[in-house]
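Below: the structure, in structure tokens.
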Amino acid sequence: MINAREFIDNAIREIRSAVGKNKVISACSGGVDSITATYLVHKAVGDKLTAVFIDDGLRREGEPEFVVRTLKSLGINTKTIDAKEEFFKTFQGKTDAEEKRKAFRDKFYKTFGSVAREEGVRFVVQGTIKADVIETVKGIKSQHNVLEQIGIDPQTYGYGILEPLRELFKPGVRIVARELGLPKEVSERMPFPGPALSLRVLGEVTPEKIEIVRKATQIVEEETLKLGVFQSFAVLHNDKATGIKNGKRVYGNIITIRVVVSEDAVTATAKEIEYKTLFRIAKRITESLPTVVRCLYDVTDKPPSTIEFE
Ligand code: XMP
């Protein structure tokens, strides 16, 4: 168990001394990690910090509005960059999971790099946590927010990186968020990956596919909210399956529903869900999304699976 007050005081002191008189920019995607990291830095350096929300077109329903509203209500200077088209362009023709992650990461840093140069900042804040560092070092995945760990010199992008949460696991981040007085919607927020819905569209990412998985995700989240699970979401497959819509046989989309229980994302258990909940989710998804003909439930733990499909 961490001493949250002590952690916060130390972090603020360290951030202040690292930053000095320089300007700072924060990569704020909206998760508990990035908002907590941003707020810590705001507490340390006030108006020297600008939080930037990059609208990559890959966020969940209502998420861009939520993030910007929350940051502003905390008194943080906030800027939104509309980069939707550029992100979708970068995914064109890419089907491999790691290739997609790399494409996301490169676009993300390029976009931030150019905002950082415009703003004349020297430091970038990121909500990297310990699980990200461990899994990247082990080679399980190349997390976009652990540049140094994967051997890319952050200076190549022209700025230094502040990662005040890198020694904490998710439960520790939540304790710090509560101690900082952040709203419950933030401190108890379900984890969501940096590359967002792009990891949940198998194969090539397009605006149309993202729209399908966004709607399906909203349904899964709504229907599983009261279960208090670690993560729940929908995944859109690249393959198709035969089904029946409006009395006609069609070759349509497949959605997998994934609901997991976990402490720190390093291991996870597939949640045993009541059949009627699963049935309701499948019914809502197939009724509200005309192209979806089949819904599946993933019963695999991590390991051998990972939580995300990509
Ligand atoms: P996996 O799928 O590796 O996920 O079991 C473990 C936790 O990390 C999240 N995740 C990511 N987060 N960038 C992120 O910021 C990523 O590339 C990424 N991949 C997975 C995942 O949602 C889960 O909470």
Side-chain angles (χ1 to χ4, degrees), residues 26-38 53-54 56 58-60 63 67 87 90-91 94 96-109 112 124-150 152 161 163-166 168-174 188-202 205 213-214 217 220-221 224 228-236 256-271 298-310:
S26 179
C28 210
S29 61
V32 57
D33 304 342
S34 69
I35 296 183
T36 305
T38 301
F53 175 73
I54 293 186
D56 50 22
L58 306 169
R59 303 290 126 187
R60 286 170 294 183
E63 201 155 33
V67 181
F87 272 83
T90 202
F91 285 123
K94 298 196 172 72
D96 174 78
E98 281 301 298
E99 201 189 357
K100 284 162 63 180
R101 246 201 195 83
K102 184 179 179 308
F104 177 88
R105 186 177 62 214
D106 289 350
K107 182 55 71 187
F108 175 88
Y109 277 103
F112 257 110
V124 172
V125 184
Q126 290 213 29
T128 312
I129 66 169
K130 205 160 183 169
D132 305 334
V133 178
I134 290 172
E135 298 215 325
T136 300
V137 170
K138 275 195 191 158
I140 295 170
K141 65 176 169 242
S142 58
Q143 196 94 1
H144 82 267
N145 52 4
V146 213
L147 271 187
E148 282 165 296
Q149 301 300 318
I150 54 175
I152 300 173
I161 294 183
E163 295 176 317
L165 307 177
R166 61 183 304 133
L168 301 180
F169 283 103
K170 195 68 95 185
V173 178
R174 296 198 196 281
E188 312 314 312
R189 202 162 181 77
M190 186 186 286
F192 188 60
L197 298 175
S198 74
L199 299 183
R200 296 173 183 176
V201 164
L202 307 189
V205 174
V213 86
R214 180 181 286 129
T217 298
V220 176
E221 283 192 10
T224 55
V229 293
F230 187 75
Q231 272 177 292
S232 63
F233 55 88
V235 177
L236 175 64
T256 284
I257 301 156
R258 179 103 166 118
V259 184
V260 296
V261 178
S262 175
E263 275 296 314
D264 52 16
V266 177
T267 60
T269 315
K271 173 81 179 167
D298 184 352
V299 294
T300 331
D301 293 345
K302 173 183 181 178
S305 287
T306 50
I307 294 177
E308 305 290 343
F309 272 44
E310 292 210 318

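Counting starts at 1 for both ligands and their atoms, following the listed order. In this text, all values refer to a predicted model and were calculated from it rather than measured experimentally.
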Chi angles and distances behind the side chain to side chain contact (heavy atoms under 4.5 Å, CB included) call for Leu197, Arg214: CA-CA 7 Å; Leu197 298 175; Arg214 180 181 286 129; 3.8 Å; yes

Considering all heavy atoms, the nearest Ile129-Phe169 contact: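 Looking at all heavy atoms of both residues, the closest pair is CD1-C, 4.5 Å.
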
Minimal non-hydrogen separation, Val220 against Ala234, with atom names: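 Here Val220 and Ala234 meet closest at CG2-CB, 4.1 Å.
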
Minimum non-hydrogen distance to atom 19 (N) of ligand 1, winning option of Glu98, Arg101, Arg258: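 When every heavy atom of Glu98, Arg101, Arg258 is considered, Arg101 comes closest to atom 19 (N) of ligand 1.
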
Is there a polar contact between ligand 1 and [X], counting only N or O atoms under 3.5 Å apart?
X      : value
Lys302 : yes
Glu310 : no
Pro195 : no
Ala265 : no

Cationic N near anionic O, under 4.0 Å, Lys100 to Asp96: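 No.
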
Looking at [X], which atoms of ligand 1 are within less than 4.0 Å of one of its heavy atoms?
X      : result
Ile307 : 1 (P), 2 (O), 5 (O)
Leu199 : 18 (C), 19 (N)
Gly194 : 12 (N), 13 (N), 14 (C), 15 (O)

Enclosure of Glu188 CD (heavy-atom neighbours >12, cutoff 6.0 Å):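 Enclosed.
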
Worked check of ring-ring contact (aromatic ring centres under 6.0 Å, His included) between Phe87 and Phe91: CA-CA 7 Å; Phe87 272 83; Phe91 285 123; 7.0 Å; no

